[in-house]
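To keep things clear, I will list the structure first and then write my remarks on it.
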Amino acid sequence: MSERTRRSASIAMTMAVMAMAACASSGRPGTYTRLVITGGEIREAGYGTAYEALTHHRELIIFEDQIGFRGGNDGVGVFGRATQEFYVPLLVVDGDFNLNDEITTLRRIRADDIVMIRLYRQSMVPPRYRRPGAEGGVIEVSTRPGSERNST
């Protein structure tokens with residue numbers, strides 16, 4: 001084998017290892033791929049709010065103060081971008097349906113108050129959340145009793 005062939009093979013092997021590492025399910029700390037994220041994980045990663053944590057979730061996209069699950073089928077895309085389509089989820093915080101600005105609500109939920117964030121894609125939405133607006137999935141945020149969110 002020539003030196004050039006060995007070098008090419010070495011480069012190809014290095015690139016393959018890097019690609020496998022990038023696709024590994026664990027991801028880098030603070031980059032979420034699971035559908036349940038605990039408050040401890042969010043705090044450990046150094047995020048200050050629910051919004052900051054969700055901006056690092058691979059299933060979600062946040063674009064110009066709108067949030068959505070990747071992979072919708074609406075043709076143009078909820079955010080007006082033809083290259084990617086999205087499903088817009090319903091936000092539920094401590095059992096209350098948020099019908100206002102999801103982004104503002106998520107920015108107000110401090111990491112110290114989060115118990116868990118659970119993401120439900122369209123086909124996984126539990127019966128208790130099936131209602132108009134939940135067709136795009138649900139983002140459920142649970143906070144500690146007595147948190148600022150629960151006391152207002």
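All of these numbers come straight from a predicted model, not from anything done at the bench. Heads up: numbering here begins at 1 and tracks the sequence.
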Is it the case that one hydrophobic cluster holds both Leu106 and Leu60, taking links as side-chain heavy atoms less than 4.5 Å apart, direct or via other members?
yes
Taking all heavy atoms of Leu90 and all of Tyr129, pick out the closest pair and write down the distance.
CD2-O, 4.4 Å
Run the side-chain contact (heavy atoms from CB on, under 4.5 Å) check on Glu59 and Leu35 step by step: do they pass?
CA-CA 8 Å; Glu59 292 285 319; Leu35 298 179; 4.3 Å; yes
Distance-minimising heavy-atom pair for Ile67 and Pro89:
O-CD, 3.5 Å
NE2 of His56 to CD1 of Ile42: how many Å apart, nearest 0.5 Å?
12.0 Å
Whether Glu41 side chain and Gly39 backbone form a donor-acceptor pair below 3.5 Å
no
Looking only at non-hydrogen atoms, find the nearest pair between Ile37 and His57 and report the distance.
CD1-CD2, 3.6 Å
Drop me the distance from Asp113's CG to Ser142's OG, to the nearest 0.5 angstrom.
12.5 Å
So, for Ala50 and Ile117, which heavy atoms are closest and what is the spacing to 0.1 Å?
CB-CD1, 4.0 Å
Which atom of Met124 lies closest to which atom of Leu119, heavy atoms considered
CE-O, 3.8 Å
When rounded to the nearest 0.5 Å, the distance separating CZ of Arg108 from CG of Asp101 is 8.5 Å
Checking Arg118 side chain against Val141 main chain: does a donor-acceptor pair fall under 3.5 Å?
no
Nearest 0.5 angstrom please: Phe97 CZ to Glu140 CD, how far?
9.5 Å
Is the side chain of Arg43 donor-acceptor paired with the backbone N or O of Ile114 at a distance under 3.5 Å, no angle test?
yes
Scanning both residues in full, the closest heavy-atom pair of Arg144 with Val115 reads N-CG2, 3.5 Å
Residues which pass side chain to side chain contact (heavy atoms under 4.5 Å, CB included) with Glu52, listed by chain and number, not counting sequence neighbours:
Tyr47, Thr49
Atom CD of Glu44 with >12 non-hydrogen neighbours under 6.0 angstrom
no
If you measure from CD1 on Ile62 to CD1 on Ile103, what distance do you get to the nearest 0.5 Å?
4.5 Å
